[in-house]
Amino acid sequence: MPNALINETSPYLLQHAHNPVNWFPWGDEALQKAKLEDKPILVSIGYAACHWCHVMERESFEDEATATLMNELFVNIKIDREERPDLDHIYMDAVQAMGGSGGWPLNVFLTPDKKPFYGGTYFPPRSVMNRPAWSDVIKAVADAFKTKRNEIEEQAAGLTEHLVNANQFGIDKAAGDFSLSQIDTACEHLLRQGDQQWGGFGAAPKFPQTFSIQFLLKYGLMEQSRSADLAAAAMKQALLSLDKMIEGGIYDQLGGGFARYSTDSEWLAPHFEKMLYDNALLVTTLSEAYQFTKKETYKTAIIATLQFIERELLDPSGGFYAALDADSQGEEGKYYVWQKEEIAQLLGGDTEVYCDYYNISANGNWEGKNILRILEPLPVFAANRQYKIDDLKQLLKNCNEKLLAAREKRIRPALDDKIILGWNALMNTAYSKAFAATGITAYKERAIRNMQFLLKVFIDEDGHLKHTWKNNEARYPAFLDDYAYLIQALLQLYRISAEPDYLWQAKGFCEKVVHQFSEPDGYFFYTPENQTDVIVRKKEVYDGATPSGNSIMAQNLAELGLLFDHSDWKERAFKMTRGLSKVAVKYPTSFGVWVSCCYQQTVGTKEIVLLGNYEMALQTLLQQALPFTVVMAAEKSDPSFPLLNAKTSDAPLSIFLCENYACRKPVHSVDDLLASLSC
């Protein structure tokens with residue numbers, strides 16, 4: 001018989017709907033049951049594409065004897081971390097505060113009033129490698145709850161107080177203003193953590209760290225004259241990181257798109273799940289890199305990744321699905337890996353060239369199988385083996401098409417088909433950035449259609465946003481990240497389209513954030529003020545796998561404050577950034593967006609205004625690398641916006657370069673503008 005998860009829409013919760021464990025979704029029914037029966041709560045958090053979540057389900061949650069114990073001793077709640085990231089943040093922080101490691105599945109034990117007192121991540125069915133058996137854990141926890149209740153309650157109260165106090169970590173209200181020497185220091189700290197052979201930062205496991213790469217790209221471009229050696233090192237590390245990821249197994253050499261992270265330092269063996277947000281952030285970063293370098297490799301990766309998105313993650317409604325699973329047929333990566341004999345049967349006489357290029361061998365490069373990766377860039381490979389580049393490109397293209405067609409006949413990884421507002425907004429920004437960099441009009445059209453969908457289905461009757469959408473139903477109040485990323489996407493859409501309605505929409509949502517999410521120190525809580533089912537309102541400031549809502553809001557407030565001359569918003573953005581400047585400079589890999597905020601606040605923002613017949617000039621301008629700029633375009637002056645107010649010109653096109661609303665004499669071509677910017 002199914003449990004209470006059978007009525008949910010989350011693919012992750014539905015995966016557990018036929019477990020013998022009597023799972024409940026998070027909600028009043030389960031929470032009241034725990035209070036009435038005075039039972040501890042087991043909260044188990046994961047997501048549909050999570051490999052170790054599947055492993056623990058098979059080993060423990062599908063086991064009748066284990067389920068009987070869990071049902072007897074606990075009220076059991078399953079949570080999809082992507083539906084309820086607010087709860088995941090709270091209980092993940094609690095487990096880490098207990099000295100545990102973070103990760104999923106996250107299994108945490110609560111008192112009946114939702115306060116955590118013990119937890120961990122994956123537990124095996126039998127004790128191995130210093131990990132206790134799951135059945136032993138649940139027995140011991142249940143016994144402690146009965147026999148040491150006072151101690152449990154004290155520990156839970158202490159952990160909850162810690163979560164409240166942790167909201168202030170890293171914030172220094174007395175921090176001074178910014179300086180370029182601080183930006184230099186942040187760059188040096190990043191480079192010290194850089195892997196100069198394989199790119200990226202730190203040791204395995206390696207995550208893309210797109211915010212760090214974006215900062216280094218900007219620094220490498222902007223500081224060439226002031227700090228030439230450091231700028232060159234920054235640009236080199238940023239591009240090396242992108243190159244090695246594109247050549248590695250973390251990038252799907254056949255189908256495009258990136259996996260979540262690499263388990264090794266060489267980017268060979270990914271954790272095979274493909275998440276929407278990772279691909280959005282990487283497309284955005286590659287687009288900026290292409291603007292800086294015009295390197296065709298980056299454009300190719302952008303195109304292939306967006307082809308993957310549209311082929312496998314695009315809903316007919318215009319929204320984007322959340323993720324593809326790591327597993328296929330219960331085995332991680334099975335859909336993506338190859339034996340050399342399989343390839344030989346498909347490619348015949350082209351096998352050796354193909355296998356040489358993609359590091360494929362009879363013994364395999366990963367657990368006896370092969371993950372396609374590139375160890376020599378194509379021009380180097382061709383030169384070393386005396387191939388003509390164009391001939392080699394065509395051969396590889398033909399072979400890839402054969403392998404992709406064969407791969408598509410395999411059993412596919414499961415699809416998490418819920419649509420998340422914030423992640424869609426990140427992908428919307430990625431499409432806008434890709435259009436700006438490449439000029440491919442289809443990307444602009446996709447961004448517009450996706451935004452129309454988001455603004456249609458995610459807004460409730462009161463004008464508030466929702467977090468997820470599936471089966472024609474939007475659920476859960478939107479979180480700070482949802483609002484912040486959507487405002488950012490609207491600002492990017494305005495930049496590429498010059499449609500002022502996007503600015504008005506962004507301004508309206510920003511006003512809602514200020515009203516519903518503000519906290520006393522000028523930052524923002526993760527949850528809106530009317531949400532009551534969390535034990536603490538968290539304030540997230542770390543830039544992790546996705547940027548913190550606070551750092552993106554600091555950028556949004558600064559930009560909207562400039563565009564609408566809203567001095568309170570500009571001042572708030574400045575204070576938010578200043579308060580985290582010390583910790584951001586010291587730990588830039590954890591505060592990558594904040595470091596860029598500090599950089600922009602230090603050097604200022606250039607204001608570019610196109611007046612007249614702007615369409616062709618705007619498209620040309622967008623393809624340039626223009627960090628820390630706002631761009632406005634209109635056929636004539638518009639008193640609604642200070643940058644467009646009272647500007648006149650007799651020429652068909654006039655381009656104004658301004659700073660703090662003070663404008664130079666207009667020029668009449670993009671080339672002349674770029675010359676002015678370089679002065």
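- Residues Glu408 and Arg311 meet the side-chain proximity criterion, which asks for heavy atoms closer than 4.5 Å.
- With salt bridges taken as basic N to acidic carboxylate O contacts below 4.0 Å, none links Glu8 and Lys418.
- Not one N or O on the side chain of Asp195 forms a donor-acceptor pair closer than 3.5 Å with the backbone of Gly200.
- Between Leu282 and Met245, some side-chain heavy-atom pair lies under the 4.5 Å cut-off.
- Relative ring orientation between Tyr12 and His16 is described as perpendicular, the plane-to-plane angle rising above 60° on a 0-90° scale split at 30° and 60°.
- Seen from the ring of Phe258, Arg260 does not count as a face-on cation partner, given the 6.0 Å and 45° thresholds.
- For the side chain to side chain donor-acceptor pair (under 3.5 Å) test, residues two or more places apart in sequence or in another chain that qualify with Asp63 are Thr66.
- One distance of note links CG of Leu395 with CG of Leu347; it measures 8.5 Å at 0.5 Å rounding.
- Classification of the Tyr261-His271 ring pair by plane angle, with boundaries at 30° and 60°, yields tilted.
- Environment of NZ in Lys294: crowded, with over 12 heavy atoms of neighbouring residues, nucleotides or ligands closer than 6.0 Å.
- Here the side chain of Arg131 pairs a donor or acceptor atom with the backbone of Tyr122 at under 3.5 angstrom.
- Of all heavy-atom pairs spanning Ala362 and Lys340, the tightest one is N-CD, 3.8 Å.
- The backbone N or O of Ile411 sits less than 3.5 Å from a side-chain atom of Ser328, completing a donor-acceptor pair.
- A salt bridge links Arg373 with Glu266: the closest approach of a Lys/Arg side-chain nitrogen to an acidic carboxylate oxygen falls below 4.0 angstrom.
- Put simply, the residue from Lys369, Arg410, Gln329 that forms a side chain to side chain contact (heavy atoms under 4.5 Å, CB included) with Lys334 is Gln329.
- Side-chain contact between His54 and Asp325 is present, with at least one heavy-atom pair separated by less than 4.5 Å.
- Electrostatic pairing of Lys393 and Asp391 does not count as a salt bridge here, judged by no charged N lying under 4.0 Å from a carboxylate O.
- The residues Lys466 and Glu473 are annotated as not salt-bridged, no charged nitrogen and carboxylate oxygen being separated by less than 4.0 angstrom.
- Side-chain contact check for Tyr476 and Arg84: no donor-acceptor pair (N or O, by modelled atom type) lies under 3.5 Å.
- In this structure, Arg475 fails the cation-pi test against Trp469, since its NZ or CZ atom is not both closer than 6.0 Å to the six-membered ring centre and inside 45 degrees of the ring normal.
- Within the 4.5 Å cutoff, side-chain heavy atoms of Tyr354 are placed close to those of Tyr358.
- Judged by the 6.0 Å and 45° rule, Lys274 forms a cation-pi pair with Phe308.
- Judged by distance alone, with hydrogens and angles left aside, the side-chain atoms of Lys206 form a donor-acceptor pair with the main-chain N or O of Gly199 at under 3.5 Å.
- In this structure, Asn279 CG and Leu313 CG are separated by 7.5 Å, a value rounded to the nearest 0.5 Å.
- Looking only at distances, no side-chain donor or acceptor of Ser60 sits under 3.5 Å from a matching main-chain atom of Glu57.
- In this structure, Phe61 has its ring center closer than 6.0 angstrom to the ring center of Trp23.
- With hydrogens and angles disregarded, no donor-acceptor distance shorter than 3.5 Å links the side chain of Asn107 to the backbone of Phe123.
- In terms of modelled atom types and a separation under 3.5 Å, the side chain of Gln492 and the main chain of Gln488 share no donor-acceptor contact.
- Between Arg407 and Asp252 a salt bridge is recorded (basic side-chain N to carboxylate O distance below 4.0 Å).
- Checking side-chain atoms of Asp417 against main-chain N and O of Tyr321 turns up no donor-acceptor pair under 3.5 Å.
- Between the Asn365 side chain and the Asn359 main chain, a donor and an acceptor come within less than 3.5 Å of each other.
- No side-chain heavy atom of Tyr443 sits under 4.5 Å from any side-chain heavy atom of Val283.
- Atom CG in Asn76 sits 8.5 Å away from atom CZ in Phe24 (nearest 0.5 Å).
- For the ring-ring contact (aromatic ring centres under 6.0 Å, His included) with Phe320, the qualifying choice from Phe453, Tyr431, Trp423 is Tyr431, the only one to do so.
- With respect to Lys409 and Glu342, no salt bridge is recorded, no charged nitrogen being found less than 4.0 Å from a carboxylate O.
- Atom CD1 of Ile246 and atom CD of Gln253 lie 9.0 Å apart (nearest 0.5 Å).
- Between Phe207 and Trp267, the gap from one ring centroid to the other reaches at least 6.0 Å.
- No donor-acceptor distance shorter than 3.5 angstrom exists from the side chain of Asn424 to the backbone of Gly319, with no hydrogens or angles considered.
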